[in-house]
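Written out below as structure tokens is the structure these notes cover.
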Amino acid sequence: MTASSNNAHSNKWRVVDIVVASIIAVASGVIFWGWDIVCAAPLTVLEAVTPGFEGLVNGFWLFGGPLAAIIVRKPGAALYAETLAAFLELTLGNQWGVGGSLIVGICQGLFAELAFLIFRYAKWNLGTTVLSGMLAGVGCALYYWLTNPAWGAIRVLWYLGTSIVSGAIIAGLIVWAVCRALAATGVLDRFESGRAEARV
């Protein structure tokens, strides 16, 4: 009975959950900022293929929320981590400003959170992680569509589609693989995500 109780899922946040989600957010924010510095060339190349195709690189700004959510497994983890990461990215300084850093980060976090909310925070698997990454891509694309009213329908559709694909791969599949790799080392033993790996 004791072991079963210890392994039961709880949506209540613990201090360790806040600390780890914050660490993930800070690490993600630094990576976001680093990507801000080097993204100009791939953005230009992909946009030259066809306007909207540059959404393929968005996954590098989308992964913070899904990663925190799948590791910590608490309501609000995706929104918290993505928002804090975006705030740090903004604080470090970049070319995007408040809108292209913090506001879009909040949108991405909200949409990433929806994947787990849809399943009432009861499913923490590859499918929901990929869905979270995809929805984060939707949030990103929605923000840029609303803030770029001159975009034509074709560009909007390309940007939406490529953002979803990028989110699915980078903020979904790769995030899930990272979580599994971390769990295998034992560093997540205090989390349900680590115990789930141990049972496999």
Side-chain angles (χ1 to χ4, degrees), residues 1-36 38 57-89 91-92 105 108-137 139 165-200:
M1 286 292 290
T2 303
S4 176
S5 298
N6 288 339
N7 290 335
H9 176 72
S10 170
N11 283 334
K12 184 178 180 180
W13 281 77
R14 306 166 298 168
V15 173
V16 68
D17 297 324
I18 298 171
V19 170
V20 170
S22 298
I23 291 171
I24 292 170
V26 169
S28 299
V30 172
I31 294 172
F32 293 172
W33 174 73
W35 184 236
D36 293 341
V38 301
V57 304
N58 285 342
F60 292 103
W61 289 296
L62 304 177
F63 69 86
L67 181 59
I70 199 61
I71 288 178
V72 174
R73 301 191 179 187
K74 305 296 181 189
L79 175 59
Y80 171 76
E82 193 74 26
T83 300
L84 181 55
F87 177 75
L88 177 60
E89 175 193 9
T91 303
L92 290 172
Q108 291 162 183
L110 278 170
F111 276 76
E113 190 75 33
L114 283 177
F116 305 100
L117 177 61
I118 288 169
F119 295 102
R120 301 172 63 88
Y121 298 102
K123 290 187 180 295
W124 307 92
N125 54 29
L126 174 60
T128 51
T129 307
V130 170
L131 179 60
S132 181
M134 293 172 68
L135 290 176
V165 169
S166 184
I169 295 171
I170 299 173
L173 290 171
I174 292 177
V175 158
W176 177 255
V178 168
C179 179
R180 298 273 290 184
L182 287 172
T185 69
V187 298
L188 301 181
D189 285 351
R190 298 187 66 182
F191 297 90
E192 184 183 343
S193 51
R195 296 192 295 270
E197 174 66 21
R199 291 195 296 268
V200 174

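A quick note: this is a predicted structure, and the numbers were derived from the prediction, not measured.
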Inset, instruction - Given side chain to side chain contact (heavy atoms under 4.5 Å, CB included), test Phe63 with Val178 step by step and report yes or no. - result: CA-CA 11 Å; Phe63 69 86; Val178 168; over 6 Å; no

Quick one: closest heavy-atom pair of [X] and [Y], and the distance?
{"X": "Ala168", "Y": "Met134", "answer": "CB-CG, 3.4 Å"}
{"X": "Val57", "Y": "Ser166", "answer": "C-OG, 3.9 Å"}
{"X": "Leu188", "Y": "Ser193", "answer": "CD1-OG, 3.9 Å"}
{"X": "Phe32", "Y": "Ala85", "answer": "CE1-CB, 3.5 Å"}
{"X": "Trp13", "Y": "Ile18", "answer": "CE3-CG1, 3.7 Å"}
{"X": "Val187", "Y": "Leu182", "answer": "CG2-O, 3.4 Å"}

Legend entry - Evaluation steps, side chain to side chain contact (heavy atoms under 4.5 Å, CB included), between Val16 and Phe191: CA-CA 9 Å; Val16 68; Phe191 297 90; 3.9 Å; yes

Inset, instruction - Using modelled atom types only, decide if a donor and an acceptor are shared between the side chain of Glu82 and the backbone of Ala112 within a distance under 3.5 Å. - result: no

Legend entry - Pairwise side-chain contact, Leu88 with Val26, heavy-atom cut-off 4.5 Å (strictly under): yes

Inset, instruction - Taking the side chain as every heavy atom from C-beta outward, state whether Leu173 and Leu126 have any atom pair closer than 4.5 Å. - result: yes

Return the [atom1] to [atom2] distance between [X] and [Y], rounded to the nearest 0.5 Å.
{"X": "Ile23", "Y": "Ser28", "atom1": "CD1", "atom2": "OG", "answer": "11.5 Å"}
{"X": "Gln108", "Y": "Thr83", "atom1": "CD", "atom2": "OG1", "answer": "9.5 Å"}
{"X": "Ile169", "Y": "Leu62", "atom1": "CD1", "atom2": "CG", "answer": "12.0 Å"}

Legend entry - Arg190, CZ: over 12 other non-hydrogen atoms inside 6.0 angstrom: no

I'd like a table of donor-acceptor pairs (distance under 3.5 Å, sequence neighbours excluded) in which one partner is a side-chain atom from residues 115-124, with atom names and distances.
{"residue": "Tyr121", "atom": "OH", "partner": "Glu113", "partner atom": "OE2", "Å": "2.7"}
{"residue": "Trp124", "atom": "NE1", "partner": "Tyr121", "partner atom": "O", "Å": "3.3"}

Legend entry - Trace of the side chain to side chain contact (heavy atoms under 4.5 Å, CB included) decision for Trp61 with Asp36: CA-CA 9 Å; Trp61 289 296; Asp36 293 341; 2.8 Å; yes

Inset, instruction - Sequence neighbours left out, what passes ring-ring contact (aromatic ring centres under 6.0 Å, His included) with Phe60? Give chain and number order. - result: Trp35

Legend entry - Qualifying residue, where the test is side-chain contact (heavy atoms from CB on, under 4.5 Å) with Trp176 and the options are Leu67, Val130, Thr128, Ile70: Ile70

